[in-house]
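Worksheet: the structure to be examined is printed underneath.
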Amino acid sequence: MVALGSLCLISSSNWLSVYLAIELPTLSLFILAAQKGGSGHSAEAGLKYFVLGALSSGLFLFGCALLCGLTGGTHIPYIDLVLNPGFDFSEVRVSMGSLLIVVALLFKLSAAPFHMWAPDVYDGAPTTTTALLAVVPKVGIFSLLVSIGSAVNILLVGTLLSLLVGALGALNQTKVKRLLAYSGVGHMGFVLWGIEVGSFESVQASLAYMVLYVIMSICVFAIILVLGTVKSLIVEFSGLSRRLPVLALTLALTFLSIAGVPPLMGFLGKWLVLLSGVVYKYYLVFILAVICSVVAGVYYVRIVKIVYFQASFSLLISSKMLKKENWINLRKALLIGACLYAVGFTMFSPNLWLQLAHWAAGGLF
């Protein structure tokens, strides 16, 4: 249902079908977030996601009602044609409708300042559901944001706040899923920046960044599932290099790539977005993005330090002895291997990703 909703969202050209395509995966994720029976955290995550998701859906419908009522149609190309500068309509109603729609979409992307649900839901939901939340809905929302553009510079505000919240919010986190939630907020800041610039090159850079972010997120969550962490604490990664050296190397390369350390694939995505921002004279945003990337690199490198240089605590050692050892099944091993191959392949031959992003961005215009 989640994948079907995202596929329908990408191909939708009518505001009614867009709303149904957004709600189809959202309703499924409500249930998946609270499916861990007997867990208060899971029930809290599902309830919080349901309440705030219903609020964002209401804002989205209200914005659609303003635009559709103003133009007399529901098709997005028709509304864009009617609302061109040659027609005299109330700018307040148009701006308010577009603003409400973009705010609702920013909630789905967990971009600041509409990110308040993400850390609690990521932490309380089962890890498989968290992986779905972090990856699948964002791809379809990205295509929709590109098609409707920015509204009264709300994307620029979301970019600035997402960069700050993503960099500072994860510094004191002790749980890896909460850290990844704030990390996703920071990454959405880079994606929104490319959409805000609005040029073909910047959208191409944002699309490439989104694809690279999805690959790295899949790899991290697959490793977390393989390790079977009890409380999803960061310290549970301690001593991993001695127990599973290959998995530790994969986790370290993935987190360093997410941090944007050259020449890994994360650096390529950030460099493309930063370059498009500089070309179009977003100098202050460029400086803020670089500073936030350096600050965010601290907690990624801290995880690598824990993996390689921190011995396991006595309490963790005893819990690992009592717990049955998890073996890596074939599907997870192939998934992690494919993601690691993508990380290594992008280092030596990034032209394929750039060409694919170029073709995909051409289809969005």
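Model, not experiment: these values are computed from the prediction.
- Rounding to the nearest 0.5 angstrom, the gap separating the OH atom in Tyr299 from the CD atom in Gln173 is 9.5 Å.
- Within the 4.5 Å cutoff, the side chain of Lys108 has no heavy atoms near those of the Phe114 side chain.
- The cluster map of Ile, Leu, Val, Met, Phe, Trp and Tyr, joined by side-chain heavy atoms under 4.5 Å apart, puts Phe62 and Leu144 in the same cluster.
- Nearest heavy atoms, Ala118 versus Ser110: CB-CB, 4.0 Å.
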Check residues 217-224 and write down every donor-acceptor pair under 3.5 Å in which the side-chain atom is one partner and the other belongs to a residue at least two apart or another chain.
residue : atom : partner : partner atom : Å
Ser217  : OG   : Tyr213  : O            : 2.9

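- Looking only at distances, a side-chain donor or acceptor of Ser206 sits under 3.5 Å from a matching main-chain atom of Val191.
- Proximity of Met116 to Lys48: side-chain heavy atoms (C-beta onward) are nowhere separated by under 4.5 Å.
- Here the rule is side-chain contact (heavy atoms from CB on, under 4.5 Å) with Lys175, and of Asp123, Leu180, Val235 only Asp123 fits it.
- Of all heavy-atom pairs between Ser42 and Ala33, the closest is OG-O, 2.7 Å.
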Going through the distances and angles, do Lys138 and Met210 end up as a side chain to side chain contact (heavy atoms under 4.5 Å, CB included)?
-> CA-CA 8 Å; Lys138 296 180 179 179; Met210 177 67 78; 4.3 Å; yes

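- Counting only distance, with no hydrogens or angles, the side chain of Ser183 and the backbone of Leu179 share no donor-acceptor pair below 3.5 Å.
- A donor-acceptor contact shorter than 3.5 Å is absent between the side chain of Ser349 and the backbone of Phe345.
- Clustering ILVMFWY residues whenever any of their side-chain heavy atoms sit less than 4.5 angstrom apart, transitively, puts Tyr300 in a cluster other than the one holding Val294.
- Counting heavy atoms from C-beta on, the side chains of Val273 and Ser202 never come closer than 4.5 Å.
- For the atom pair Phe190 CZ and Leu163 CG, the distance stands at 5.5 Å (nearest 0.5 Å).
- Remark: Leu105 CG to Leu59 CG distance equals 10.5 Å, nearest 0.5 Å.
- The closest side-chain heavy-atom distance from Ser238 to Val307 is not below 4.5 Å.
- Between Trp117 and Phe107, the ring-plane angle classifies as tilted under the 30° and 60° cut-offs.
- Of the residues Val301, Ile234, Leu240, the one that meets the side-chain contact (heavy atoms from CB on, under 4.5 Å) test with Ile306 is Ile234.
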Applying side chain to side chain contact (heavy atoms under 4.5 Å, CB included), run through Leu233 and Val176 and close with a yes or a no.
-> CA-CA 6 Å; Leu233 295 173; Val176 64; over 6 Å; no

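- Hydrophobic clustering (side-chain heavy atoms under 4.5 Å, transitive across Ile, Leu, Val, Met, Phe, Trp, Tyr) keeps Leu192 apart from Leu284.
- The CG atom of Asp120 lies 12.0 Å from the NZ atom of Lys177; values are rounded to the nearest 0.5 Å.
- Side-chain N or O atoms of Thr130 include one that pairs as donor or acceptor with a backbone N or O of Pro126 at under 3.5 Å.
- Of the possible donor and acceptor atoms, one in the side chain of Ser257 sits under 3.5 Å from a partner among the backbone N and O of Gly266.
- In this structure, His358 has its ring center closer than 6.0 angstrom to the ring center of Phe200.
- The environment of CG in Leu352 is crowded: more than 12 heavy-atom neighbours from other residues, nucleotides or ligands sit within 6.0 Å.
- The minimum heavy-atom distance between Ser56 and Gly53, with the atom names listed, is OG-O, 2.8 Å.
- Thr129 places a side-chain N or O within 3.5 Å of a backbone atom of Leu32 that can act as its donor or acceptor partner.
- Between Ser57 and Glu23, the closest heavy-atom pair is OG-OE2, 2.5 Å.
- When all heavy atoms of Ile258 and Lys270 are compared, the closest pair comes out as O-NZ, 3.7 Å.
- Under a hydrophobic clustering in which Ile, Leu, Val, Met, Phe, Trp and Tyr are joined whenever their side-chain heavy atoms come within less than 4.5 Å, directly or via other members, Val278 and Leu156 fall into the same cluster.
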Please walk me through it: do Leu244 and Leu227 pass side chain to side chain contact (heavy atoms under 4.5 Å, CB included)?
-> CA-CA 10 Å; Leu244 299 168; Leu227 294 177; 4.1 Å; yes

Between Leu9 and Leu24, does a side chain to side chain contact (heavy atoms under 4.5 Å, CB included) hold up when you go through it step by step?
-> CA-CA 10 Å; Leu9 179 59; Leu24 181 62; over 6 Å; no

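- Counting heavy atoms from C-beta on, the side chains of Phe60 and Val103 never come closer than 4.5 Å.
- Ring centroid separation for the pair Trp193 and Phe286 does not come in under the 6.0 Å cut-off.
- Using modelled atom types, no side-chain atom of Ser276 and backbone atom of Val203 make a donor-acceptor pair closer than 3.5 Å.
- Taking each heavy atom of Gln204 and Leu354 in turn, the nearest pair found is NE2-O, 3.3 Å.
- Two different hydrophobic clusters hold Val165 and Leu109 under the rule that ILVMFWY side chains link at heavy-atom gaps under 4.5 Å.
- The shortest distance between side-chain heavy atoms of His115 and Leu106 does not fall below 4.5 Å.
- The CG atom of Leu272 sits 9.5 Å away from the CZ atom of Phe267 when rounded to the nearest 0.5 Å.
- With contacts defined as side-chain heavy-atom distances shorter than 4.5 Å, the pair Thr346/Ile215 does not qualify.
- Taken from CZ in Phe142 to OH in Tyr209, the straight-line distance is 12.5 Å, to the nearest 0.5 Å.
- Looking at heavy atoms from C-beta onward, Ile303 lies in side-chain contact with Phe237 at the 4.5 angstrom threshold.
- Looking only at distances, no side-chain donor or acceptor of Ser162 sits under 3.5 Å from a matching main-chain atom of Thr159.
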